[in-house]
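What you see below is based on every heavy atom in this structure, not just the backbone, and it leaves out hydrogens, waters and symmetry mates.
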Amino acid sequence: MDWARISWILWLAMLLCAVPIAAIELIRGRRPRESGPSRWYRRVIGGVVSVLGLGLLVSSLRTGPQTSMQDPYFALSQLIFTGYFLWYWIRLVLRSGRGRDKRNVTPPAA
């Protein structure tokens, strides 16, 4: 099995999930669906992570899978990290769907 290609695809998917979270926090001052503003250090970390993540994404697309990605345990760890960031977006979509349903409920007739 080509573990390097699987790890590389999971790496790209993780970056595509994680970079927008950091960029949104940098621009808006808070993460999506959080009520209060983020602390200054979370915004700085968000800015650094979004720039670094974008650079890693472009670099990974240019170079392709690396030989160090051949280990199946590396693929498993990439699956865990990708699942974590993907689960964040799935939860966000599910919460926004429930919020829309609550707002569109018609009051009962008297």
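- When all heavy atoms of P20 and W89 are compared, the pair lying nearest together is CB-CZ2, 3.8 Å.
- To the nearest 0.5 Å, atoms CG (L92) and CD1 (I24) are separated by 8.0 Å.
- Atom-to-atom distance recorded for W3:CH2 and L10:CG is 10.0 Å, nearest 0.5 angstrom.
- Across M14 and F81, no two heavy atoms sit closer than the pair SD-CB, 3.6 Å.
- Rounding to the nearest 0.5 angstrom, the gap separating the CZ atom in R43 from the CD1 atom in I27 is 9.5 Å.
- Within the model, atoms CZ of F85 and OH of Y88 stand 10.0 Å from one another, a figure rounded to the nearest 0.5 Å.
- Note: the hydrophobic cluster containing I6 does not contain Y73 (ILVMFWY, side chain heavy atoms under 4.5 Å, direct or indirect links).
- Residues L54 and V19 share a closest heavy-atom pair of N-CG2, 4.0 Å.
- Taking all atoms of both residues into account, the shortest heavy-atom contact from P65 to A4 is CB-O, 3.8 Å.
- Residues V51 and V58 do not share a hydrophobic cluster, clusters being chains of Ile/Leu/Val/Met/Phe/Trp/Tyr side chains in contact below 4.5 Å.
- Closest of all the heavy-atom pairs between Q78 and T82 is O-OG1, 2.7 Å.
- Interatomic distance, CG of L12 versus CG of L16, reported as 6.5 Å (0.5 Å rounding).
- With a 6.0 Å radius and a threshold of 12 heavy atoms from other residues, nucleotides or ligands, F74 has its CZ atom above the threshold.
- In terms of heavy atoms, W11 sits closest to S60 at NE1-OG, 2.8 Å.
- For the atom pair CG (L57) and OG (S50), the distance works out to 12.0 Å, reported to the nearest 0.5 Å.
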